[in-house]
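Have a look at the structure below, then the notes.
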Amino acid sequence: MNTIYALASARGKAGVAVLRLSGPGSHAAVAGLCGPLPEPRRASLRRLVKDGVELDQALVILFPEGESFTGEAAAELHLHGSLAVVQAVMQALAGEHGLRLAEPGEFTRRALENGKLDLAQVEGLADLIEAETEAQRRQALRVLSGAIGRRAEEWREKLIRAAALIEATIDFADEDVPVDVAPEVLALGHAVLADLRREALGGRAAERIRDGFEVAIIGAPNAGKSTLLNALAGREAAITSEIAGTTRDVIEVRMDIRGLAVTLLDTAGLRETEDQVERIGIDRALSRARMADLRVFLISDEALPGIEPEDGDILIRGKADLGGGGVSGKTGQGIAELIEEIGTRLLERSASAGVITRERHRLAIERAIEAMESAMSEVEKGTARAELAAAELRIALRALEALVGRVDVENLLDEIFSSFCIGK
Ligand SMILES: Nc1nc2c(c(=O)[nH]1)N(C=O)[C@@H](CNc1ccc(C(=O)N[C@@H](CCC(=O)O)C(=O)O)cc1)CN2
Ligand SMILES: Nc1nc2c(ncn2[C@@H]2O[C@H](COP(=O)(O)OP(=O)(O)OP(=O)(O)O)[C@@H](O)[C@H]2O)c(=O)[nH]1
């Protein structure tokens with residue numbers, strides 16, 4: 001196995017830069033720079049010297065094999081965070097025998113291969129590094145901590161017990177001891193099914209927490225949508241003008257509303273039009289608005305062709321400064337309240353999130369549900385169908401095992417690790 005190294009902290013000037021090494025040669029490589037090695041897992045100050053030239057004064061930490069992030073022997077050099085220091089130490093390591101620069105995500109890949117993390121935890125780690133809001137941070141940390149694996153293990157134990165009961169009836173089918181295992185198998189199966197169904201529903205909410213909720217502002221031309229978007233976002237993201245039909249493309253602004261990641265969409269004003277370009281803009285507005293998680297209808301006196309509010313949408317009058325209540329992007333009246341209202345509605349929707357967070361997880365759960373439903377209906381048909389019931393249970397088990405990467409994951413790894421940065 002190669003020994004790999006990479007800068008684990010961000011590139012550029014910083015107080016401290018962390019260089020990470022992992023693999024059987026990592027301790028020897030550090031010894032080559034700092035002389036006598038510090039005791040394991042203890043941050044120790046050392047002068048790093050190469051060919052008689054001092055490179056830096058650094059904190060050195062050694063991790064023994066089996067007791068590191070990757071599971072391999074590993075080391076960290078906490079350097080002064082300058083470009084020149086990092087470059088000098090990287091160059092010194094490049095000259096060491098058997099060392100090479102790590103590929104993106106390679107430390108984490110080794111942690112996975114050595115059983116330090118399961119596949120879902122690796123995904124949680126990727127999400128934690130990407131997290132920009134409080135809800136994303138909490139959710140990713142929960143996944144990194146192994147919540148999905150623990151839940152999957154509970155289901156697995158129940159299904160293995162159910163499968164064992166069914167197998168017993170197959171093995172003893174010829175004997176005259178009729179043991180009716182169906183009630184216990186059904187109880188186990190339906191308990192798991194209820195959990196899985198709740199998770200599949202909650203998965204949608206968790207995916208929204210992870211990717212962000214979309215909130216579309218819609219209304220007639222000149223209703224004040226772009227002005228409202230700018231007021232909500234706190235910056236001039238969209239062009240505003242007194243000319244009706246100013247916004248053509250959908251304008252997106254990322255926001256953090258009460259810890260939730262939200263993408264606000266400003267859309268073309270809705271009206272009947274002969275203008276072809278405006279028509280394209282309106283069609284885009286309609287399709288994005290329909291797909292959005294929440295629509296804010298900015299109401300004016302004009303009617304809106306092409307879309308009706310759905311349950312839970314917000315309807316509010318614009319240009320409140322001209323009288324009549326509502327919200328005004330121009331003066332800021334009602335803006336804080338509107339943000340609060342959007343947050344409340346999205347928090348309600350995010351409340352159903354369970355442990356799974358990605359489409360991949362939800363598809364695995366849905367596969368398991370389908371197989372479990374077939375298994376339960378075979379069990380209900382009686383012992384003659386035991387073989388079929390057992391086969392369906394095995395399919396469900398395999399789907400749940402895929403959640404944490406026990407099976408069928410090789411093809412997923414490259415995709416997942418391609419999103420990692422070097423040094424992770
Ligand atoms: N300096 C530094 N900070 C860091 C990391 C790191 O690698 N280095 N991390 C990197 O992501 C995160 C912390 N995660 C870590 C996870 C496991 C181990 C580790 O040494 N695990 C051993 C020992 C466990 C123990 O002592 O309880 C093991 O699992 O056997 C270290 C860091 C965040 N901060
Ligand atoms: N008095 C008042 N005028 C506003 C307000 N919001 C926008 N306006 C004015 O209304 C006109 C249209 O504003 P926009 O924000 O561009 O409206 P829009 O709905 O995005 O328009 P389209 O892109 O054409 O669909 C501009 O002249 C704005 O200055 C408001 O809250 N109060």
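Counting starts at 1 for both ligands and their atoms, in listed order. It should be emphasised that the depicted structure is a prediction, and the values quoted were computed from it without experimental measurement. The chain is numbered in sequence order, starting from 1.
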Between [Y] and [X], is there a side-chain donor-acceptor contact under 3.5 Å, judged purely by atom types and distance?
{"X": "Ser22", "Y": "Thr70", "value": "yes"}
{"X": "Arg362", "Y": "Thr357", "value": "no"}
{"X": "Thr273", "Y": "Glu278", "value": "yes"}
{"X": "His361", "Y": "Glu199", "value": "no"}
{"X": "Thr247", "Y": "Ser226", "value": "yes"}

_Geometric cation-pi criterion Arg41 and Phe63, 6.0 Å radius, 45° cone_ = no

*Is Arg20 close enough and on-axis enough to Phe69, meaning under 6.0 Å and within 45°, for cation-pi?*
yes

*asked:* Using the salt bridge (Lys or Arg N to Asp or Glu O under 4.0 Å) definition, which of the options Arg142, Arg138, Arg210 pairs with Asp127?
replied: Arg210

*Non-hydrogen atoms closer than 4.0 Å to ligand 2: which protein residues do they belong to? List them by chain and number, please.*
Ala220, Pro221, Asn222, Ala223, Gly224, Lys225, Ser226, Thr227, Thr240, Ser241, Glu242, Ile243, Ala244, Gly245, Thr246, Thr247, Gly269, Lys319, Asp321, Leu322, Ser328, Gly329, Lys330

_Ser350 side-chain N/O to Ala205 backbone N/O, donor-acceptor pair under 3.5 Å_ = no

*Can you name the residues that come within less than 4.0 Å of ligand 1, going by heavy atoms only?*
Arg20, Arg41, Phe63, Gly66, Glu67, Ser68, Phe69, Glu76, His78, Lys116, Lys424

